[in-house]
Amino acid sequence: MTCYSGPLLTREIGAALLAARDSGASTWTGSLDLGRSSDEVRLFADDWEYRGTRHPYPEKLKERTIYWWDGDEFAAVSRYAGKLIKLVPTEWDVPTFEIDGIKMLPSAKESPLDDARRKVALIQPTGKTVLDTCGGLGYFAACCLDAGVARMQSFEKNEDVLWLRTINPWSPDPDAPASGGRLHLAHGDVSTAILQLPDASFDAALHDPPRFGIAGELYSQAFYNELARVLRRGGRLFHYTGSPNKLTSGRDVPREVQKRLEKAGFKAELALDGVLATKR
């Protein structure tokens, strides 16, 4: 996929550029790719130069917003197509994303990437073929690649989330040399795509669906039966659940998921903020 390589700004970075210019400095050094690297920027009275390209100083920037250069201006990394989907900065540099203001990845206590790394470790992906049902920003995929996964098939239904991945420097690029052809990312709904996957074709799986109220089909017995079908015997599955509405509704979603997975042919136990299951 074609990935954005221009500068990314937050309110703090924009303020730092202006402060450096106003102090009379001719250069500013810092990160313009959300902490992945550091660059020296040349400062001028009316604009600044990043990797050979001049950009105007940004207008007033909002908090909790990441901006990219769209060719005409610094625009928020967000799209609206019935729902507002937005890339959101965190104190850890690695961003999360929101859909209609609902945060889709944990970031309160640690980086979303570190959170993904702990979950990925549960399925022990080294040398394995892994199914990633709901790819999101690709942090599960990034951790699997780092861990030496043999092959990873990832699905993502939302085309706007796929667009966020092209802007986010922390999202793995399937076409990059570092991926080595091991990451295969498909724009598709895994609830239907899984029906076409061969029996026992994966060693492990990662399932991080939207909440039950948004994508109930991904918590269904029928879908869990399909997960069991495509996993080899002994294959591990980590299913993120969180604990949505437990206090208000009295429902225990992790326990409900555990029971359905066991009915599908898994041995399942609660782990981290979800369920870890092993195909019998």
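In this text, all values refer to a predicted model and were calculated from it rather than measured experimentally.
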request  = Could you go through the side chain to side chain contact (heavy atoms under 4.5 Å, CB included) check for I99 and M104 one step at a time?
outcome  = CA-CA 7 Å; I99 299 180; M104 304 304 290; 4.1 Å; yes
inquiry  = Using side chain to side chain contact (heavy atoms under 4.5 Å, CB included), reason through L197 and F202 one step at a time and then give a plain yes or no.
reply    = CA-CA 9 Å; L197 298 177; F202 294 93; 3.8 Å; yes
Worked check of salt bridge (charged side-chain N to carboxylate O under 4.0 Å, His left out) between E262 and K267 = CA-CA 6 Å; E262 288 174 345; K267 179 181 177 181; over 6 Å; no
message = Could you go through N168 and L137, starting from their C-alpha distance and side-chain angles, then the distance that decides it, and tell me whether this counts as side chain to side chain contact (heavy atoms under 4.5 Å, CB included)?
response = CA-CA 8 Å; N168 179 20; L137 293 182; 4.0 Å; yes
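A distance of 6.0 Å or more separates the ring centres of W48 and W69.
Using modelled atom types, no side-chain atom of Y50 and backbone atom of R42 make a donor-acceptor pair closer than 3.5 Å. At distances below 3.5 Å, not a single donor-acceptor pair connects side-chain atoms of R236 with backbone N or O atoms of A277. W28 contributes no side-chain N or O that, together with a main-chain N or O of V41, makes up a donor-acceptor pair within less than 3.5 Å. Using modelled atom types, no side-chain atom of R117 and backbone atom of P112 make a donor-acceptor pair closer than 3.5 Å. R21 places a side-chain N or O within donor-acceptor distance of the main-chain N or O of A45, the cut-off being under 3.5 Å. Put simply, the side chain of H187 never gets that close to the backbone of L162: no donor and acceptor are under 3.5 Å apart. D203 places a side-chain N or O within 3.5 Å of a backbone atom of T129 that can act as its donor or acceptor partner. A donor-acceptor pair under 3.5 Å links the side-chain atoms of S179 to the main chain of D173, judged by distance alone. When atom types are taken as modelled, the side chain of S154 and the backbone of H184 share no donor-acceptor pair closer than 3.5 angstrom. The backbone N or O of V149 sits less than 3.5 Å from a side-chain atom of R182, completing a donor-acceptor pair.
Follow the hydrophobic side-chain contacts under 4.5 Å out from L227 and you reach F155 in the same cluster. V275 and L122 end up in different hydrophobic clusters when Ile, Leu, Val, Met, Phe, Trp and Tyr side chains are linked at under 4.5 Å. By the criterion of side-chain heavy atoms lying less than 4.5 angstrom apart, applied directly or through intervening Ile, Leu, Val, Met, Phe, Trp or Tyr residues, L218 is not grouped with I123; the two fall into different hydrophobic clusters. Hydrophobic clustering, with ILVMFWY side chains joined whenever heavy atoms are under 4.5 angstrom apart, keeps L206 apart from F266. Cluster membership for V161 and I214, using ILVMFWY side-chain heavy atoms within less than 4.5 angstrom, is not shared.
For CG of D46, the number of neighbouring non-hydrogen atoms (other residues, nucleotides, ligands) closer than 6.0 Å is 12 at most. The number of heavy atoms from other shown groups lying within 6.0 Å of CZ (R51) is above 12. Under a cut-off of 6.0 angstrom, the local environment of NZ in K103 is crowded, with over 12 non-hydrogen atoms contributed by other residues, nucleotides or ligands. Within 6.0 Å of atom NZ in K128, more than 12 heavy atoms from other residues, nucleotides or ligands are found, so the atom counts as buried in its surroundings.
Figure legend: R260 and F223 shown without cation-pi pairing, the cationic atom not lying both under 6.0 angstrom from the six-membered ring centre and within 45 degrees of its axis. Within the cation-pi definition used here (under 6.0 Å to the ring centroid, within 45° of the axis), R36 qualifies as a partner of W170. For R54 and F44, the positive end sits near the middle of the six-membered ring, less than 6.0 Å away and at most 45° from its axis.
Ring pair H207/Y219 is tilted by interplanar angle, where 30° to 60° counts as tilted. Ring geometry for F74 against H55 counts as tilted: the plane angle lies between 30° and 60°, on a 0 to 90° scale.
Between L261 and A268, the shortest heavy-atom distance links the atoms CB-CB, 4.3 Å.
Between L185 and R165 there is a side-chain heavy-atom pair separated by less than 4.5 Å.
Atom CG in L231 sits 11.0 Å away from atom CG in D199 (nearest 0.5 Å).
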